[in-house]
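Throughout, a chain's letter reflects where its sequence line sits, starting with A, and its residues are numbered from 1.
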2 protein chains.
Amino acid sequence: MSVMTGGKLKLVQAALRLITESRSLTSLGLRELAREAGLNPNTFYRHFRNLDEFGLQVLGYIAEEMKTGVRELRRMAESSDQASRETVAFVYHYFLNNAAATTVAVRELHGPSPVLRRALENQLDASAREMAEDIIERRLVPGVDDATVHEISHMTIRYILFRAMDYIEKPDQRDRIQLETEHFINRQFRGALVESLPPETIARWASKN
Amino acid sequence: MSVMTGGKLKLVQAALRLITESRSLTSLGLRELAREAGLNPNTFYRHFRNLDEFGLQVLGYIAEEMKTGVRELRRMAESSDQASRETVAFVYHYFLNNAAATTVAVRELHGPSPVLRRALENQLDASAREMAEDIIERRLVPGVDDATVHEISHMTIRYILFRAMDYIEKPDQRDRIQLETEHFINRQFRGALVESLPPETIARWASKN
DNA sequence: CCCCCATGTAGACGACTGTATACTTTTGCG
DNA sequence: CGCAAAAGTATACAGTCGTCTACATGGGGG
């Protein structure tokens with residue numbers, strides 16, 4: 001399962017290549033894949049039962065890629081305590097360097113195949129849980145209860161993933177995207193601290209500081 | 001342009017029907033469309049030059065639908081001043097009643113066709129601008145500057161659209177989605193009020209109230 | 001060494017696709 | 001009504017697709 005070689009790898013990589021050139025995983029054809037990979041169409045059957053199974057394997061492949069990225073991220077976040085700014089920069093650079101995987105994830109998360117959608121949702125939920133637990137364990141946002149941290153993590157993971165797509169496609173907006181992401185995160189966590197208070201009270205207090 | 005009739009309408013509606021049954025606009029076939037609409041394949045050519053033009057027309061069709069929805073929403077928001085809760089409920093019910101259009105929008109916003117993506121982005125940006133201007137004019141969040149209101153509106157519109165997809169597909173989670181959406185909005189605007197203050201200061205103050 | 005099994009190739013099949021040309025029906029207007 | 005344009009249909013063609021069966025290669029373990 002773990003390491004792919006030969007034709008199998010070639011086919012998966014061909015899929016990633018085609019998808020970045022504005023295609024969708026679900027719309028790829030067997031022959032098209034083989035053509036792009038430089039293989040005979042029938043070679044496909046030596047590695048996959050059908051296109052559905054292929055899709056899942058591609059998802060597994062990119063999930064593996066993403067996991068190593070997350071691991072790096074956590075290792076880096078451990079060393080710095082002012083997480084936000086550099087962390088956001090790091091994350092977007094990571095997505096940029098894994099544009100193909102990112103594109104697949106974003107496309108299929110809202111794509112037509114229910115199976116792939118569920119698989120991706122589970123993957124994202126798992127990442128969100130990890131992120132939340134890290135935040136809670138390291139007491140990064142004291143004053144916010146655990147359930148809320150989980151909720152915010154869930155939103156943030158998705159927000160970043162979608163913005164990563166823009167980040168990849170619109171180089172001229174990268175600074176803005178990074179900045180808005182920081183705003184997003186800051187507002188969510190700061191907002192959570194004063195969630196139960198009426199806006200007027202907050203505004204009055206804030207204007208005095 | 002305005003009113004569709006006969007075969008043209010049938011084809012567009014057939015597309016919406018197929019898309020809700022887990023398909024993507026870009027992946028629809030000419031013959032498939034005609035079959036679903038109960039028409040001869042060649043009738044398609046009487047109304048559309050090719051499938052790309054068809055896609056754009058479908059988008060225009062649902063954009064028209066959405067616009068009337070937004071108009072209703074603004075009319076309703078005018079009458080109540082505690083916007084948030086009922087507004088959110090209203091919005092999700094609207095999306096639920098226009099499931100096909102919602103699905104198309106979400107699918108194609110991250111779909112493989114750059115043309116459709118741009119068209120949808122512009123549509124969403126326009127809606128976000130309208131929303132922001134409403135909020136600013138009615139002074140719903142004093143203490144937050146205009147640029148920030150625009151930024152938050154932009155995020156919120158997208159957040160709600162994506163959650164609307166879940167809302168449609170997962171009936172058992174509808175209450176939770178509605179609640180989390182309220183949280184999202186509240187945290188964004190409240191967070192914006194205290195954006196520039198260090199979290200510790202906020203937490204200390206909040207714990208005293 | 002040889003054999004075997006995994007991997008890759010060749011050719012063919014029926015089904016489906018987008019499109020062109022030609023014909024029929026329906027519709028709206030003077 | 002009469003007739004022209006619009007809308008819908010029939011048939012056909014070349015291309016692509018997924019899949020099947022049969023055959024070729026080639027590298028590692030007995």
Side-chain angles (χ1 to χ4, degrees), chain A residues 1-61 104 107-108 111-116, chain B residues 1-61 104 107-108 111-116:
Chain A
M1 162 60 112
S2 55
V3 64
M4 286 190 191
T5 54
K8 188 165 182 174
L9 183 63
K10 274 188 191 169
L11 285 167
V12 171
Q13 289 174 336
L16 295 183
R17 228 173 306 131
L18 286 170
I19 287 172
T20 39
E21 294 168 7
S22 58
R23 302 292 318 273
S24 129
L25 182 51
T26 355
S27 79
L28 293 179
L30 182 155
R31 294 181 112 102
E32 182 184 18
L33 248 358
R35 217 180 302 125
E36 173 74 21
L39 295 171
N40 186 284
N42 291 301
T43 303
F44 181 92
Y45 289 108
R46 299 288 166 203
H47 305 287
F48 312 99
R49 222 185 318 257
N50 51 48
L51 283 165
D52 290 345
E53 185 186 309
F54 177 73
L56 284 173
Q57 298 245 13
V58 172
L59 231 61
Y61 180 82
V104 176
R107 288 271 150 81
E108 304 306 327
S113 155
V115 180
L116 296 187
Chain B
M1 164 57 113
S2 54
V3 224
M4 286 191 191
T5 53
K8 189 166 182 174
L9 183 62
K10 274 188 190 170
L11 285 166
V12 171
Q13 289 174 337
L16 295 184
R17 229 174 303 131
L18 285 170
I19 286 172
T20 39
E21 293 168 9
S22 59
R23 302 293 317 273
S24 128
L25 181 50
T26 355
S27 80
L28 293 179
L30 182 154
R31 293 182 112 102
E32 182 183 18
L33 247 356
R35 215 180 303 125
E36 174 74 21
L39 296 171
N40 186 284
N42 291 298
T43 303
F44 180 92
Y45 290 108
R46 299 286 166 203
H47 305 287
F48 312 99
R49 222 186 316 261
N50 50 47
L51 284 165
D52 291 345
E53 185 185 309
F54 177 74
L56 283 173
Q57 298 244 12
V58 172
L59 230 61
Y61 179 82
V104 176
R107 288 269 151 83
E108 303 306 327
S113 156
V115 180
L116 295 187

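In this structure, B:Glu32 atom CD and C:dA15 atom C1' are separated by 15 Å, rounded to whole Å. One atom, CE of A:Met4, and another, P of C:dT7, lie 13 Å apart when rounded to the nearest Å. Going from atom CG of B:Asn40 over to atom P of C:dT21 covers 16 Å, rounded to whole Å. The separation between A:Arg31 atom CZ and C:dC16 atom C1' is 13 Å, rounded to whole Å. For the pair B:Arg46 CZ and C:dT26 P, the computed distance is 15 Å after rounding to whole Å. Atom P of nucleotide C:dT19 and atom CG of B:Asp52 are separated by 9 Å, given to the nearest angstrom. In this structure, the CG atom of A:Leu30 is 19 Å from the P atom of C:dA15, given to the nearest Å. As a whole-Å value, the separation of A:Lys10 NZ from C:dT7 P is 13 Å.
A:His47 has no side-chain polar atom (N or O) that falls below the 4.0 Å cut-off from OP1 or OP2 of C:dA6. Contact annotation: B:Arg35 side-chain N/O to C:dT17 OP1/OP2 distance is under 4.0 Å.
When side chains are defined from C-beta on, A:Leu33 does not count as touching A:Leu30, because their heavy atoms never get closer than 4.5 Å. The shortest distance between side-chain heavy atoms of A:Phe44 and A:Leu39 does not fall below 4.5 Å. By the 4.5 Å heavy-atom criterion applied to side chains, B:Leu25 and B:Leu18 are not counted as neighbours.
The CZ atom of B:Arg107 sits 14.0 Å away from the CZ atom of A:Arg107 when rounded to the nearest 0.5 Å. Atom-to-atom distance recorded for B:Leu11:CG and B:Leu16:CG is 11.0 Å, nearest 0.5 angstrom.
For A:Asn42, whose side chain is taken as the heavy atoms from C-beta onward, the closest listed nucleotide among C:dA10, C:dT7, C:dT19 is C:dA10.
A distance-only check finds a donor-acceptor pair linking the side chain of B:Asn50 to the backbone of B:Glu53 [under 3.5 Å].
Ion pair A:Glu32/A:Arg23 flagged as a salt bridge, since at least one NZ, NE, NH1 or NH2 atom sits closer than 4.0 Å to an Asp/Glu carboxylate oxygen.
Within the helix from C:dC1-D:dG30 to C:dG30-D:dC1, the inter-axis angle between the opening and closing five-pair segments is 10°, rounded to 10°.
A:Phe54 and A:Phe48 have perpendicular rings, their planes meeting at more than 60° on a 0 to 90° scale where under 30° would count as parallel.
Contacts of A:Tyr45 with the nucleic acid, taken as non-hydrogen atoms under 4.0 Å apart, include base atoms.
From the 5' end on, the contacts that DNA chain D makes with chain A at under 4.0 Å to a non-hydrogen atom open and close at D:dC17 to D:dA22.
Contact detail for A:Gly29 and A:Leu51: the closest heavy-atom pair is C-CD2, 4.4 Å.
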